[in-house]
Amino acid sequence: MGLSDKLLNSDKRAMVIDDCCKLLETQLTSKSGISGIGLKAAYAALKGVKPGYIAYAVEQLLPDCFTALDPMWNEGVQNGDPVAHLATNKSRTADALLSITDARAKKVSRPIVRGTYEKLRGSVKPYIEEAVPDFAQVINKYA
């Protein structure tokens with residue numbers, strides 16, 4: 001059974017999405033400086049697409065993200081601590097997640113969404129890596 005099956009069943013789906021959105025908000029709140037301002041502006045633009053757009057986007061991305069993380073999560077389970085495994089391999093974890101968003105961004109029909117993603121894509125990997133331990137905790141909470 002993969003992470004998507006465990007985490008996105010009808011009993012847990014809304015809670016997982018909510019926790020991921022809270023994690024995103026927490027991560028953004030902690031950012032400062034010029035790059036932080038840029039991230040916050042981009043997030044505000046995406047929130048303005050339509051009410052609930054962030055939660056909708058998270059819900060659409062999670063199945064593929066969890067599928068991409070399944071092999072690494074399973075490696076961690078075999079090693080006894082999947083959370084630590086993802087955190088220790090945060091670069092690999094970030095690459096797996098970004099491969100999903102890269103593929104999705106190519107298909108997006110909303111110019112503001114695609115444009116925002118393209119502008120930020122080159123600089124986001126360190127932020128994703130920073131969020132990996134907390135994201136792994138969210139996964140673990142429901143897995």
Side-chain angles (χ1 to χ4, degrees), residues 2-77 79 81-143:
L3 288 173
S4 285
D5 297 323
K6 292 178 187 175
L7 293 137
L8 297 177
N9 66 44
S10 60
D11 296 340
K12 299 177 185 175
R13 183 181 205 94
M15 293 181 293
V16 172
I17 293 165
D18 187 53
D19 280 0
C20 287
C21 289
K22 287 176 186 173
L23 172 61
L24 183 58
E25 292 271 347
T26 301
Q27 289 292 316
L28 282 168
T29 301
S30 72
K31 303 302 175 244
S32 61
I34 293 173
S35 61
I37 292 170
L39 287 171
K40 290 173 186 177
Y43 185 72
L46 293 176
K47 280 179 77 170
V49 168
K50 68 178 183 178
Y53 184 74
I54 299 297
Y56 167 79
V58 167
E59 182 175 18
Q60 296 304 304
L61 289 168
L62 282 179
D64 291 337
C65 288
F66 289 150
T67 299
L69 293 179
D70 272 336
M72 292 177 57
W73 186 263
N74 290 333
E75 289 169 14
V77 169
N79 293 333
D81 190 347
V83 172
H85 185 72
L86 289 186
T88 300
N89 295 282
K90 64 184 177 183
S91 179
R92 190 172 145 213
T93 304
D95 286 338
L97 295 171
L98 287 167
S99 72
I100 301 306
T101 57
D102 288 347
R104 283 291 179 106
K106 291 177 185 174
K107 300 176 189 175
V108 171
S109 61
R110 295 178 189 266
I112 190 166
V113 175
R114 184 179 306 123
T116 300
Y117 186 81
E118 289 171 356
K119 285 179 188 170
L120 294 175
R121 174 55 178 93
S123 63
V124 297
K125 185 175 176 183
Y127 299 118
I128 305 298
E129 289 175 347
E130 185 179 317
V132 165
D134 292 335
F135 185 51
Q137 290 289 351
V138 170
I139 294 170
N140 194 53
K141 179 179 178 180
Y142 296 101

Any residue meeting side chain to side chain donor-acceptor pair (under 3.5 Å) with E75, in chain and number order, not counting sequence neighbours
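E75 satisfies side chain to side chain donor-acceptor pair (under 3.5 Å) with H85, R92 only.
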What side-chain donor-acceptor pairs closer than 3.5 Å can you find for residues 136-143, not counting sequence neighbours?
from	atom 1	to	atom 2	distance (Å)
K141	NZ	D19	OD2	2.9
Y142	OH	D19	OD2	2.7

Dump the intermediate steps for side chain to side chain contact (heavy atoms under 4.5 Å, CB included) on L97 and F135, then the final yes or no.
CA-CA 11 Å; L97 295 171; F135 185 51; 4.1 Å; yes
Report yes if the side chains of T26 and S30 come closer than 4.5 Å at any heavy-atom pair, otherwise no.
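Result no, sub-4.5 Å side-chain heavy-atom pair not found.
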To the nearest 0.5 Å, what is the distance between [atom1] ([X]) and [atom2] ([Y])?
| X | Y | atom1 | atom2 | result |
| --- | --- | --- | --- | --- |
| D102 | K107 | CG | NZ | 12.0 Å |
| N79 | N74 | CG | CG | 11.0 Å |
| I54 | C20 | CD1 | SG | 12.5 Å |
| I128 | Q27 | CD1 | CD | 8.5 Å |

Run the salt-bridge test on K22 and D18 with the 4.0 Å N-O cut-off and return the result as yes or no.
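Looking at D18 together with K22, the answer is yes, because their closest N to O distance falls below 4.0 Å.
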Crowded around Y53 OH? As in, over 12 foreign heavy atoms under 6.0 Å?
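More than 12 within 6.0 Å, yes.
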With sequence neighbours excluded, what pairs up with N9 under the side-chain contact (heavy atoms from CB on, under 4.5 Å) test?
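side-chain contact (heavy atoms from CB on, under 4.5 Å) check on N9 returns D11, K12.
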Not counting sequence neighbours, which residues clear side-chain contact (heavy atoms from CB on, under 4.5 Å) with A42? List them please.
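Partners of A42 by the side-chain contact (heavy atoms from CB on, under 4.5 Å) criterion, ordered by chain and then number, come out as T116, L120.
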Nearest non-hydrogen partners of [X] and [Y], listed with the distance:
| X | Y | value |
| --- | --- | --- |
| A55 | I17 | O-CG2, 3.9 Å |
| P133 | V83 | O-CG1, 4.4 Å |
| R13 | L8 | NH1-O, 3.0 Å |
| L86 | V132 | O-CG1, 3.4 Å |

Suppose the criterion is side chain to side chain donor-acceptor pair (under 3.5 Å): which pairs have a residue in residues 39-50, not counting sequence neighbours?
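Every side chain to side chain donor-acceptor pair (under 3.5 Å) pair that includes a residue of residues 39-50, provided the two are not neighbours, is E25-Y43.
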Residue of the set K125, K90, K31 for which side-chain hydrogen bond (donor to acceptor under 3.5 Å, both in side chains) holds with E130:
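In the set K125, K90, K31, the residue that makes a side-chain hydrogen bond (donor to acceptor under 3.5 Å, both in side chains) with E130 is K31.
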Determine all donor-acceptor pairs shorter than 3.5 Å in which one atom belongs to a side chain in residues 61-72; sequence neighbours excluded.
from	atom 1	to	atom 2	distance (Å)
D64	OD2	R104	NH2	3.0
T67	OG1	P63	O	2.9
D70	OD1	L3	N	2.7

